[in-house]
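The figures that follow rest on heavy atoms only: side chains count, while hydrogens, waters and symmetry mates do not.
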Amino acid sequence: MLKATLRSFLAHKGRLALSALAVILSVAFVAGSLIFSDTVTRTFDRLFASTAADVTVQPKQDLRSARLSGSVQTLPAALRDRVARVDGVTAARAEVSVENAVVVDARNKSVGPTTGAPTIAMAWYVTPRSPVKLTSGRAPHGAGEALLDADTAGKKHVRIGDTLTVQAQPGTVRVRVVGIATFTTTNPGAALVFLDPAVAGRELLGSAARATSISVDAAPGVTDAQLKKRVGQTLGTGTYDVKTAGEQAKSAAASLGTFLDVIKYVMLGFAGVALLVGVFLIVNTFSMLIAQRTRELGLLRALGADRRQVRRSVLTEALLLGLVGSTLGLLAGAGLALGLIRLMSAFGMNLKATEMVIGWGTPVAAYVVGLGVTFVAAYLPARRAAAVSPMAALADAEVAGVGRPLKARAVAGAVVGAAGAAALAGCAAATKTAQAASLLGLGVVLTLIATVVGGPLLVRPVIRVLGAAFPALFGPVGRMSQRNALRNPRRTGATAAALMVGLALVGGMSVASASMSASFDRQIDKNLGADFIVQNTNFAPFTQEVRHSVARTRGVGLVVPQRLTPVAVRMPQGGEVRTSAVAYGPGLDDVLHLTYARGTSRAALAPGHLAMDAGFARDHGVRVGSVLPVEFPGGRHAELTVGALTDQETTQGFGAQGGLYFGLTTLDRYAPGAQDSALYVNAAAGTKPQDLRPRLERALKPFPQVQVRDQSDYKQLVHNQIAVLLYLVYALLGLAIVIAVLGVVNTLALSVVERTREIGLLRAIGLGRRQLRRMIRLESVVIAVFGAVLGLALGLVWGVCMQQVLALRGLTALAFPWPTIVAVVIGAAVVGVVAALLPALRASRMNILAAIAHE
């Protein structure tokens, strides 16, 4: 049996190659994501471990978020002297480092990275653990001098002697580049600007008496843990965060983990789609191969092979396919990881391909995935093959079950479909977001399973409709192509299912994204009353100089600043809610049209008061007049009175949990130092907005990171952000289509082999080569469009339910992207034509007499 199995596998290797591609693709994405994430993790672990001081003293971590509020946690620079006197300390440095700086060149072009990595301004210290070394020029001395890292200097064409402008929280300072520093370790993609330590505190933090951390070097023979304990005892328990080099490296790696997880999960999503679609391809391939080997299997049974041996023979072929596919997929995964490493280098993260890490878990995962999916996919065809009696097989009974009733499928599909429909109905009726999302996930899974199981039942009624025009348009060829697609509903359903999965995903996400865009458009039209919004390109806070420049611009009437801050609110019913709040200046009603359930903007912005979303307040037992304990960054606490409750779909500017906002006077009292995150600007009386815009843009020219947006610009910004998610879905669709095309090609190719004698007879009675190719193409098109129709129908239902979940978050508009839907159907027909090219060509080249003699 083993010899017969191996011979059979080698005899059908050409037919199995397309199925192996599905395994290779899925394994490649799994292996590539693991190799890439392991490589990045190992690289940065070494970076953080080699550059961290033996002990680091930092401010106690609180609610503060520099990216959100623009403020930076600091500690007294004089703390360095106390730490330096601790027994076992050989050196202590007051470090100054901020990640919210903006650096521009003499042409007002940003020098910072465009990939989302930070621009870090810091004090220049030379230590054996410095991540950079001075390679040209000299170190900065006094105010007005700086170093720049070599990678940034090369990309932005900055040379020694050039002038840069550094915009930090205290203000703007002009510096001359006096030296270039080159990375000695992996460049994480950030831009580094170094100032003289004597002036860094004043220029970057607003005071020479402040620092962001204290770095401590241990004396020989003193361990990091011992030194940490001594420093902690000297400074007092709980006053500051004291970390060893290992703890500091671990903390830095944890902050990088989110970025790595995004990449890893995106790639694993691709792997999941490849696996899911590949299962249909492999099931179909093995079902057809077994159907074509009916006589062979019958002879084996007649010669004494029992059911277990036949089943084992088929599964052995599947495992051989999985083994080959997994091996090739593992190699392809290494190539994919190498491509990602080079892509990251193009974006500024200089990873070394020679340091690529392939841990033991990667090949294990690759072979588990590859062998597992082929085994599972081939199990049902193997059981079906083993269940055929020798006499039935020798009589050429089809194992694929062309004529077998579909009652079992009908019952199973109906039961699962009813459960899925009930879950989706529950999702639409739910009033809580978490409950609705859970029911949506359950409903999607169950309805997908029901459609796959019950798909063959829909083949005949749907394809009769889709192919109804074929006889009139193409005559007998069109009629035969339609009947060929109807001949085996199981095979047609399985072939179309591969395409259906990808299109269902795209249909659902397209409806959701179109609904989100329509909802935001409606809310912007309803809520935004300002002529312009001034914002940073990456939504980061900006210095007060921006507001001053805007306020001094001719024709500007009202300027309302907006600031963000993290807060922790203690609720009356118990429990604490950590969220972000917004602070507004006077004139809020002139720039935002807010709807209040109770109270007014005046009450909301009064000192010591706040407003919140009415639904959030109702869920937490809060009403107007309630006094809530609120913690601000820096450990400051306040008792704020609820002055108003908003009744908004999604209030402009603060979509965070609770919709909390208050006046600038309240924020300045409890969280001073926060920077503006946006400015709402109205033109003065007598000035037209179209005349004011070019003036604002000229005034903000020294701040290239800041943009002036009107309502249409703001809508486009929202659409672009939503499109990023949609592009990912389209990429998943592309992968699904590639594998689905392989499935259609495989099905048609095997179908041509199966119908060799029939094709020979058709050719003998006068069917031309061109007519034969057209027949196979039409069969392919109708199968592909059938899959598209099922997928879009399912996706539209999912999309409507997704919109119901979004409606609970205030996004109440429902929109259908009809152009996308029409394009998908047309694209499915094109896919069908492309997939049929090779099988149709092969069929047309058959020798007529040899085909008729084929058994």
Side-chain contact test, heavy atoms from C-beta onward, threshold under 4.5 Å: evaluate it for [X] versus [Y] and give yes or no.
| X | Y | value |
| --- | --- | --- |
| Y680 | I533 | yes |
| M571 | V622 | yes |
| L610 | T666 | no |
| Y661 | L594 | yes |
| Q562 | L564 | yes |
| L605 | F662 | no |
| V416 | V453 | no |
| V789 | V825 | no |

Point to revise | Where at least one partner belongs to residues 436-451, residue pairs that pass side-chain hydrogen bond (donor to acceptor under 3.5 Å, both in side chains), sequence neighbours excluded | key: T447-W798
Looking only at heavy atoms, what is the nearest atom pair of [X] and [Y], with distance?
| X | Y | result |
| --- | --- | --- |
| P572 | L628 | CD-CD2, 3.8 Å |
| F632 | V630 | CE1-CG1, 3.7 Å |
| G420 | L446 | CA-CB, 3.5 Å |
| A788 | L499 | N-CD2, 4.5 Å |
| L667 | A674 | CD2-CB, 4.1 Å |
| A784 | A828 | CB-O, 3.3 Å |

Point to revise | Pairs where residues 415-425 contributes a residue and the test salt bridge (Lys or Arg N to Asp or Glu O under 4.0 Å) is met, not counting sequence neighbours | key: none
Could you state the interatomic distance from [atom1] ([X]) to [atom2] ([Y]), rounded to the nearest 0.5 Å?
| X | Y | atom1 | atom2 | result |
| --- | --- | --- | --- | --- |
| Q675 | N536 | CD | CG | 10.0 Å |
| D710 | D713 | CG | CG | 4.0 Å |
| Q705 | L700 | CD | CG | 9.0 Å |
| L679 | L558 | CG | CG | 11.0 Å |
| L505 | M500 | CG | CE | 11.5 Å |
| M612 | L645 | CE | CG | 7.5 Å |

Point to revise | No-hydrogen, no-angle side-chain donor-acceptor test under 3.5 Å, R522 and T812 | key: yes
Point to revise | Between D589 and S601, a side-chain donor and acceptor under 3.5 Å | key: yes
Exercise for review: Begin from the C-alpha positions of C427 and V805 and carry the test side chain to side chain contact (heavy atoms under 4.5 Å, CB included) through to its verdict.
Suggested key: CA-CA 7 Å; C427 165; V805 177; 3.6 Å; yes
Check: [Y] main-chain N/O paired with [X] side-chain donor or acceptor under 3.5 Å:
| X | Y | answer |
| --- | --- | --- |
| D613 | G658 | no |
| S515 | V511 | yes |
| N682 | D590 | yes |
| R693 | V708 | yes |
| Q803 | A813 | yes |
| S513 | M509 | yes |
| S510 | V506 | yes |

Practice item. Take H719 and Q716 through the test side chain to side chain contact (heavy atoms under 4.5 Å, CB included) and record every step on the way to the result. Key: CA-CA 5 Å; H719 292 176; Q716 188 59 47; 4.3 Å; yes
Review point. When you look at CZ of R598, are more than 12 heavy atoms from neighbouring residues, nucleotides or ligands closer to it than 6.0 Å?
Key: no
Exercise for review: Check the pair L424, V800 against side chain to side chain contact (heavy atoms under 4.5 Å, CB included), reporting the backbone distance first and the verdict last.
Suggested key: CA-CA 10 Å; L424 293 178; V800 171; over 6 Å; no
**Study point:** Full working for salt bridge (charged side-chain N to carboxylate O under 4.0 Å, His left out) between D521 and K715
**Key:** CA-CA 6 Å; D521 285 351; K715 289 179 182 178; 5.1 Å; no
Check your understanding: Less than 4.0 Å between a side-chain N and a carboxylate O, is that true for E576 and R578?
Key -> yes
Check your understanding: Should L806 and M516 be marked as a side chain to side chain contact (heavy atoms under 4.5 Å, CB included) after you check the CA-CA gap, both sets of side-chain angles, and the distance that decides it?
Key -> CA-CA 8 Å; L806 295 174; M516 290 172 66; 3.4 Å; yes
